[in-house]
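Here is the structure we will look at.
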Amino acid sequence: MEKNWWKGKVAYQIYPKSFKDSNDDGIGDLKGITEKLDYLKDLGVDIVWLSPMFKSPFVDQGYDISDYYAVDPIFGTDQDMDELIAEAKKRDMYIVLDLVVNHCSDQHEWFQKALESPDSEYRDYFYFVDSPDGPPSNWRSYFGGNMWEKLPGTDTYYFHSFHKTQPDLNWQNPLVRRKIYDMMNWWFEKGVAGFRIDAIINIKKDLNWTNYKTDNKDGLVTPEVFLENAQPIEPFLREMYEETFKKYNAFAVGEVFNESDEDLQFLIGGEDSVFSSIFDFKQSTINLEDGWHNFTTPTSEQIKESIFAAHKRNDPVGVISTIIENHDQPRGVSRYIPEADLNDTSKKAFATVFMLRKGIPFIYQGQEIGMENQVFGSLEEIDDISTLNEYEVAIKDGYSPVSAFNAVTKISRDNARTPVQWDDSLYFGFSETTRPWMFSQQPNRSITVAAQLDDEASVLNYYKRLTRLYKNPVYGKTIQLGEFNPLFEEMEGVIAYERTLDKNVAVITNFQNSEVGLELAKPIVEILLNNYDEEGELDQKIALKPYQSIVLAY
Ligand code: TEU
Ligand code: CA
């Protein structure tokens, strides 16, 4: 297989629990994914990333793995997995798994054995620290509370960056690393094409367990502070690369936050970078600095700034993967498009901006039909531990229960975790007669795959046009690999850029609810895409309608 085979591919993220239920138990499964491979192929998808489908108690919806070698029975059997990999291969598609190795579940055999005795050899697989004077450090877990959990009846604490049922693995221990690499290679031998690497920045620790100055009333401090003072992770990731990815010519996309310029180099720079790509999360952090409850809709200028800044920083180094949303975020169309402007035209405009950037575009399930945020009735309908924590944060910040609920459900991860709406039957054709494991009263029942498949003007068919353009025989190379340069940067409401290689392609979007006029520097050769149904030629002077997106060669 060609090195860097993944360049120029389109990727799609599946959240297995909510994609398609094949046996009507209300839970999505592997057979359901296999059933829909043709649908994905037709959408233009090459790489399919599965959020964890491993054995798990599902406290954090599968990001708490209790057996890395087994498919959880709710998703089917190991044979179903083999079948999925084989069926994907038949269609020239690639299966990418989720590598969650910063931590495992407290139900994992390693942790269970570590708990048996202080002398257990498995103690050293994790971070256990004796500390009679309270927690060894004051770092705040991503899901709230201290990162240290006390073992009942002892002075011993164990470390968890995320939930207390997700103990961190000790990356300092070579045996742990060996077991992780062996497991990865086992999956490669089965035919998976790569991994998305979860929370990988967190494997580095400040092993002095320093107490930092608190930033809140809880006496704790944000993880960002200690991460700055933590051990370098390059040696570990370099080793992982040599022992796994490199041998299998794999696609590896890192979930990386807050990386320094230095880190960026070894992460994605050069032929022997430890990862193929990392996600660009820049726009997903806008207006969240002060907690979920203080979020306000980003302006077009903020979105533009974040996109341009991401390319300016990353493009000279390596390949980013671009997203609109994922399983940790609300639906992108609801988050970034002002509520009053949310319609098919603005959804298509937003899709254009993101799909034609330089990098590997990832589509999250349901995004291609323009699925919107959910309407949650009460806190009981929320499953996500992160949302429940952010609710508490809002309450502590003085919010009333109602306003805290309304605020955090706008950002809740559960917005993107409801079933894909395949058709307009009671359970959306996701399941037949069994109520899906997560189900809320949708404001948008009519947004379904079935309705959009035959509608030329649908968001779904627009996404297909985007992926076709991305692979267009004449312009594809330029869009996949060409340079990214901002256009009309100063023009408020306009998000536009040029992609240049052997061709020049301009991607121009009027991201606002009013018309705007602009003039191109060169004559137009060809209009490649337009989210308005318009006849006729365009000249160098263009009047763009509200949320109009045009892609042209010039
Ligand atoms: O997310 C890592 C991450 O940093 C999270 O804190 C993220 O910011 C959070 O989801 C916001 O609420 C990964 C996975 O994508 C996520 O689903 C897991 O919960 C987390 O790791 C722990 O495995
Ligand atoms: Ca099922």
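Values reported hereafter were calculated over all heavy atoms of this structure, with side chains retained and with hydrogens, waters and symmetry mates removed. First listed ligand is number 1; within each ligand, the first listed atom is number 1. The model shown is predicted, which means the values in this text are computed figures rather than measured ones.
Using modelled atom types, one finds a donor on one side chain and an acceptor on the other under 3.5 Å when comparing D60 with Q166. The closest side-chain donor-acceptor pair between S260 and E262, if any, does not fall under 3.5 angstrom. Of the N and O atoms on the side chains of D423 and S425, at least one donor lies less than 3.5 Å from an acceptor on the other residue. Using modelled atom types and a 3.5 Å distance limit, the side chains of S51 and Q13 yield a donor-acceptor pair. Between K113 and Y125, the side chains place no donor N or O within less than 3.5 Å of an acceptor N or O (distance only, hydrogens not considered). For Y212 and N229, the side-chain atoms include at least one donor-acceptor pair closer than 3.5 Å. Remark: the T448 side chain and the W422 side chain contain no N/O donor-acceptor pair separated by less than 3.5 Å.
Scanning the protein for heavy atoms near atom 13 (C) of ligand 1, the closest one is D198 OD1, 2.8 Å. Closest to atom 5 (C) of ligand 1, if we only count protein heavy atoms, is F162 CE2, 3.9 Å. Among all protein heavy atoms, the one lying closest to atom 1 (O) of ligand 1 is E255 OE2, 3.1 Å. Scanning the protein for heavy atoms near atom 15 (O) of ligand 1, the closest one is D328 OD2, 2.4 Å. Protein heavy atom in closest approach to atom 10 (O) of ligand 1: R413 NH1, 2.5 Å.
In summary, N23 places an N/O/S atom under 3.0 Å from the Ca ion (ligand 2), meeting the contact criterion. Here K31 fails the criterion, with no N, O or S atom under 3.0 Å of the Ca ion (ligand 2).
Within the 4.0 Å heavy-atom criterion, neither part of F279 lies near ligand 1. Under 4.0 Å from ligand 1, not a single heavy atom of Q61 appears. Residue-level proximity to ligand 1 for H163 is absent, since no heavy atom of it falls below 4.0 angstrom.
Because its NZ or CZ atom is both nearer than 6.0 Å to the ring centre of W437 and within 45° of the ring axis, K17 counts as a cation-pi partner of that residue.
With Y127 as the partner, the ring pair (Phe, Tyr, Trp, His ring centres under 6.0 Å) test is satisfied by one option alone out of W139, W209, F111: W209.
A heavy-atom separation below 4.0 Å is not found between Y15 and ligand 1.
Contact atoms of ligand 1 toward D60: 18 (C), 19 (O), 20 (C), 22 (C), 23 (O) (distance under 4.0 Å to a heavy atom of the residue). Annotation for ligand 1: atoms under 4.0 Å from non-hydrogen atoms of F257 are 3 (C), 4 (O). Near H103, with a cut-off below 4.0 Å to any heavy atom, the atoms of ligand 1 are 22 (C), 23 (O). Listed by atom number, the atoms of ligand 1 under 4.0 Å from S386 heavy atoms are 12 (O). Every atom of ligand 1 is numbered from 1 in the order shown, and the set under 4.0 Å from a heavy atom of H327 is 14 (C), 15 (O), 16 (C), 17 (O).
S277 approaches S321 most closely through the heavy-atom pair OG-OG, 2.8 Å.
Here D424 does not pair with R445 in a salt bridge; the nearest charged N to carboxylate O distance is not below 4.0 Å. By the 4.0 Å N-to-carboxylate-O rule, D280 lies close enough to R357 to be salt-bridged with it.
Take the Ca ion (ligand 2) as the corner point: the lines to OD1 of D21 and to OD2 of D29 open at 90°, to the nearest 10 degrees.
Here's the thing with Y142: none of its N/O atoms is less than 3.5 angstrom from an N/O atom of ligand 1.
Counting just the N/O/S atoms of D25, the one with the shortest distance to the Ca ion (ligand 2) is named OD1.
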